[in-house]
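Right, one structure below, let's go through it.
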Number of protein chains: 2
Amino acid sequence: MKLTSKGRYAVMALVDLARFDNINPVSLRDISLRQGISLDYLEQIFSKLKKNEIVKSIRGTQGGYVLNKNPNDIKLTNIFNAVDEKVKTVQCKKESKRGCNGKATKCITHNLWDELELHINTFFENKSLKDLLNNNKESRV
Amino acid sequence: MKLTSKGRYAVMALVDLARFDNINPVSLRDISLRQGISLDYLEQIFSKLKKNEIVKSIRGTQGGYVLNKNPNDIKLTNIFNAVDEKVKTVQCKKESKRGCNGKATKCITHNLWDELELHINTFFENKSLKDLLNNNKESRV
DNA sequence: ACATACCTGACCAAAATGGTCAAGTTTAGA
DNA sequence: TCTAAACTTGACCATTTTGGTCAGGTATGT
């Protein structure tokens, strides 16, 4: 059970963006340099963030990205959904008619995984970009 | 962020085992049939569970596996650790001296991932095999 | 017009996942 | 004592996911 770096990068980049986009649009190049994330990879990630209306892009010289919402209204849930970092505990959800192993019953631990998913998602829903900004004053190592 | 089936299978198998091992040792073949998990794969999983003293094996005809502890004392944490299903949010933990991206600072969201790990692990530590047994009376679909 | 920055899609290597296969060893019971 | 059931070990492997790179674009401020 692990977090993929696409999800991590998306959050890191957005925190970075939130810190600097008051003044000017922030170029991916800057984020890339500051956060140590490959520029090409960032472009993929921001393409998705844009589709999900979390950021806006401004083209041309001095262009870059800007948040499209108040940091308080951008929850981790929104970010993770945007980059397809979903919390998946069981696959059997889709075949809704049937039980889990093709049998007529739910798999013996089905309720547990539902609980787990809920537990994690609750965490993501209660955490906004703003929380992260506040929480990040004293992070020197 | 997803749960691997090794972890899921381990829990499913142990719940199955806990239900039936009062009378006789339970063979992997039976678990395989009841839970729809490949026998060969179960063997890999139980080899790890045994090393971690969660189950005992009894060889020979009519042999099989038995729980090695009270269901109340087997937490999800123990099971997941046994089969290497760890919760990993950041890689940067190991290089403890340095920060995250090889820089002198923690990555901007480091605290967040720590919190998340804690949040998930707490769930696993508070859940025992016994809880699952009780919770599983009415699981028909 | 040109540099900067976004945009798009193809491509790819490495690791993880989710197993299978083969060849044992051990032991209860007929 | 023979044999079948069951555990044991370790090699192997196909597929998917991950974490990118590369090669081209297109838009726009100056």
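Keep in mind that this is a model prediction, so the values were computed, not measured. Letters A, B, ... mirror the listed sequences (proteins, then strands); counts begin at 1.
- The interatomic distance linking A:E85 (CD) with D:dT18 (C1') rounds to 11 Å, in whole Å.
- Regarding B:F46, its CZ atom lies at a distance of 12 Å from the C1' atom of D:dC7, rounded to whole Å.
- A:L42 places its CG atom 14 Å from the P atom of D:dG19, with the value rounded to the nearest Å.
- The side chain of A:S27 sits closest to C:dA5 out of C:dC21, D:dG19, C:dA5.
- OP1 or OP2 of C:dG19 has not a single side-chain nitrogen or oxygen of B:K6 nearer than 4.0 Å.
- Taking only side-chain nitrogens and oxygens, B:Y9 never comes nearer than 4.0 Å to OP1 or OP2 of C:dT17.
- Proximity of B:S57 to the phosphate of D:dT8: a side-chain N or O atom is located under 4.0 Å from OP1 or OP2.
- Heavy atoms of A:V26 sit under 4.0 angstrom from primed sugar atoms or phosphate atoms, though from no base atom.
- Here the P atom of nucleotide C:dC7 and the NZ atom of A:K48 are 15 Å apart, to the nearest Å.
- Along DNA chain C, the nucleotide nearest A:I58 and the nucleotide nearest A:M1 are compared for position; the residue whose nucleotide lies closer to the 5' end is A:I58.
- Here A:S38 does not reach the OP1 or OP2 of D:dG19: none of its side-chain N or O atoms lies under 4.0 Å away.
- Taking atom OH on A:Y41 and atom P on C:dC12, their separation rounds to 18 Å, with Å as the unit.
- Using a 4.0 Å heavy-atom cutoff across all strands shown, B:K51 reaches no nucleic acid atom at all.
- Mapping A:K2 and B:E43 onto DNA chain D by nearest heavy atom places B:E43 closer to the 5' end of the strand.
- Taking 4.0 angstrom as the limit, A:T4 places none of its side-chain polar atoms (N or O) nearer than this to OP1 or OP2 of D:dT18.
- Residue contacts for B:S47: at a heavy-atom cut-off of 4.0 Å it reaches no nucleic acid atom on any strand shown.
- The side chain of B:Q62 sits closest to C:dG29 out of D:dG19, D:dA4, C:dG29.
- A:H119 and B:F123 have tilted rings, their planes meeting at an angle from 30° to 60° on a 0 to 90° scale.
- Summarising the geometry, the separation between CG on B:L49 and P on D:dT9 is reported as 14 Å, rounded to the nearest angstrom.
- Protein atom CZ of B:R8 is 13 Å distant from nucleotide atom P of C:dT17, rounded to whole Å.
- The side-chain heavy atoms of A:V66 and A:V55, taken from C-beta on, include no pair separated by under 4.5 Å.
- If you measure from atom NZ of B:K50 to atom C1' of C:dT25, you get 12 Å, rounded to the nearest angstrom.
- The nearest heavy atom of DNA chain D to B:Q44 and to B:R29 marks one nucleotide each, and the one closer to the 5' end goes with B:R29.
- Using a 4.0 Å heavy-atom cutoff across all strands shown, B:Y65 reaches sugar-phosphate atoms only and no base atom.
- Between B:F46 and B:Y65, the angle of the ring planes lies from 30° to 60°, which puts this pair in the tilted group.
- Hydrophobic clustering of Ile, Leu, Val, Met, Phe, Trp and Tyr side chains at less than 4.5 Å, counting indirect connections, keeps A:L17 apart from A:I58.
- A chain of hydrophobic side-chain contacts below 4.5 Å, direct or via other Ile, Leu, Val, Met, Phe, Trp or Tyr residues, connects B:Y41 to B:V26.
- A 4.5 Å side-chain heavy-atom check between A:S128 and A:D73 finds every atom pair outside the cut-off.
- The base of D:dT26 sits with one of its N or O atoms less than 3.5 Å from a complementary donor or acceptor on the side chain of A:R59.
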